[in-house]
Amino acid sequence: MSSKVVERFPAGGAVAVDDLVTALRVAPAGGPLTVGDERVVDFLVAFARRLLRPAVARRHPELASLGFFLRRGEIAKALQRVADEPGQLHFPRGLVFHVPPANVDTIFVYSWALSALAGNANVVRISSRSAGAADAVLDALNDTLADAAEVVRQTQRMVSYGRDDAVTAALSAAADLRVIWGGDRSVTEIRRHPLAPHARDLTFPDRSSFTVIGAAGWLAATEQDRSAAALGLYNDSYWFDQAACASPRTMYWVGDRATADAARADLLARLRTVLDGKRPEVDAAMAVEKRVATYGLAVEGAATAIHFDGNDLATVDLAEPGAIPRRWLGVGTFPQARVAALADLAPVVVRRDQTVTHFGFSSAELTAFARALGGRGVDRMVPVGDALNFAATWDGYDLMREFTRITSVATR
């Protein structure tokens, strides 16, 4: 008997995985999907409107970013990346199997939406542990389905199942592309299940990120800009308990010591004001975990001082800039170090580093830093506050191109 999955979108009951795969192979009503298919575009735009409703945005502010990402104008920009050119045509890859992480409730929607825009049929595994924003997304998707073209119901599936290797193996074998999020362990475990010879993996392994702040630039900024940056740091760090790959886990101050100390004190005071207003929940277990993790850095010799400002904010003075702890230390934990110049961080960067959020630097300074890195690490540099704003280029991949195939047409 075939193993079963629970259909979350379109909402339904348990279904055998073999039957699910068979259904996805049936030619859809109204013809197969194409790259930029208007039936999918209309569905995503209607879905985005639901996410941007005030009641939803108040409960889950991270969904507002998703709603903006799926506006018609933004969708048009994404589709420009795979527009047909003379002698080069873009087509869907086929069936895409997505395995997103459980700790970031909305990443599966970005991955799925771009793949659907590329005209693919999709199966997304939704963790049975997901809740909150993920459930709000699924409710909005199913509400939108009532007025959608039938092809959306026929070609798009989001399912949940437990640790069932038979299901993962069946979906992997049927896929033309498998997208694995969630870290090194997830990538390694899922790769045990073979793909068809023509298929391939798109993987997003463990990543870490950090913030760089030009101390002089911080102090020269307006009161309004500094307060906005403190709010941006909060959004970058606290929305997903600082567990998202793009959330900063270390802060670097760039400049002389006196200027850096003054800038740091100012930022932390402003962040304290934001926290007092937002009141993020940090339960007792998390508070204990943070103390164990930070004191562990001191025991290892990586930290010279630890400061706790309530349960929601901890700062750690690193013994040296290269002692960056890339593992998760608990929400609201900020190891910090000072360097004289941005270029001094180049030797610190490794391939695992993904996002650099920045404040107080010119475009020329950031470009020079990227060239100094030479592709060894860091896939994106964005202003403080934009860390979690998903883009069609992620982890160095142009996702729209990854989700399509190219047919070349040449003549003599």
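We number each residue from 1, following the sequence as shown.
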Whether the side chain of [X] engages the backbone of [Y] through a donor-acceptor N/O pair (distance < 3.5 Å, no angle test) should be reported.
X: N122; Y: T155; result: no
X: Q242; Y: T333; result: yes
X: R8; Y: M158; result: no
X: Y110; Y: A391; result: no
X: D42; Y: R39; result: no
X: N120; Y: L95; result: no
X: S160; Y: I126; result: yes
X: D176; Y: A199; result: no

Within a radius of less than 6.0 Å around [atom1] of [X], do more than 12 heavy atoms belonging to other residues, nucleotides or ligands occur?
X: R279; atom1: CZ; answer: no
X: R272; atom1: CZ; answer: yes
X: Q88; atom1: CD; answer: yes
X: E300; atom1: CD; answer: yes

Side chains of [X] and [Y] only: does a donor on one sit below 3.5 Å from an acceptor on the other?
X: D379; Y: Q354; answer: no
X: Q224; Y: S227; answer: no
X: D398; Y: T393; answer: no
X: R207; Y: T355; answer: no
X: S208; Y: R249; answer: no
X: D256; Y: T259; answer: yes

Any side-chain heavy atom of [X] sitting closer than 4.5 Å to one from [Y]?
X: L233; Y: F334; result: yes
X: V123; Y: H98; result: no
X: L141; Y: V137; result: yes
X: R157; Y: R125; result: no
X: R401; Y: H90; result: yes
X: K278; Y: Y234; result: yes
X: W218; Y: R226; result: yes
X: V151; Y: F43; result: no

Do [Y] and [X] meet the salt-bridge criterion of a basic N to acidic O distance under 4.0 Å?
X: R200; Y: E402; value: yes
X: R192; Y: D165; value: yes
X: E223; Y: R270; value: yes

What heavy-atom pair brings [X] and [Y] nearest, and what distance separates the two atoms?
X: S237; Y: V331; answer: O-CG2, 4.4 Å
X: D236; Y: S247; answer: O-OG, 2.7 Å
X: F361; Y: I213; answer: CE1-C, 3.7 Å
X: V384; Y: T211; answer: CG2-CG2, 4.1 Å
X: R380; Y: A387; answer: NH1-O, 2.8 Å
X: G332; Y: K290; answer: O-NZ, 3.7 Å

Side chains of residues 371-378: which donor-acceptor partners sit under 3.5 Å, not counting sequence neighbours?
{"unit_1": "R376", "atom_1": "NE", "unit_2": "L373", "atom_2": "O", "d": "3.4"}
{"unit_1": "R376", "atom_1": "NH1", "unit_2": "V349", "atom_2": "O", "d": "3.0"}
{"unit_1": "R376", "atom_1": "NH2", "unit_2": "A346", "atom_2": "O", "d": "2.6"}

**Prompt:** Where do S362 and E365 land on the side chain to side chain donor-acceptor pair (under 3.5 Å) test, with the steps shown first?
**Reply:** CA-CA 5 Å; S362 67; E365 289 173 307; 3.3 Å; yes
Nearest-0.5 Å distance, [atom1] of residue [X] to [atom2] of residue [Y]:
X: L33; Y: F91; atom1: CG; atom2: CZ; value: 14.0 Å
X: F97; Y: T168; atom1: CZ; atom2: OG1; value: 5.0 Å
X: T222; Y: D225; atom1: OG1; atom2: CG; value: 3.0 Å

**Request:** Determine, stepwise, if the pair D353 / R326 fulfils salt bridge (charged side-chain N to carboxylate O under 4.0 Å, His left out).
**Result:** CA-CA 8 Å; D353 295 325; R326 290 179 169 85; 2.8 Å; yes
**Request:** List the steps and the verdict of side chain to side chain donor-acceptor pair (under 3.5 Å) for T304 and D317.
**Result:** CA-CA 6 Å; T304 59; D317 295 345; 4.7 Å; no
**Request:** Hey, can you tell me if W112 and F9 have their rings parallel, tilted or perpendicular (30° and 60° cut-offs)?
**Result:**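 Perpendicular.
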**Message:** Run the salt bridge (Lys or Arg N to Asp or Glu O under 4.0 Å) test against R191 and tell me which residues pass, sequence neighbours left out.
**Reply:**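 Listed in chain order: D201.
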**Centroid-centroid distance, F204 to Y397, less than 6.0 Å** =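 When the ring centroids of F204 and Y397 are compared, they turn out to be within the sub-6.0 Å range.
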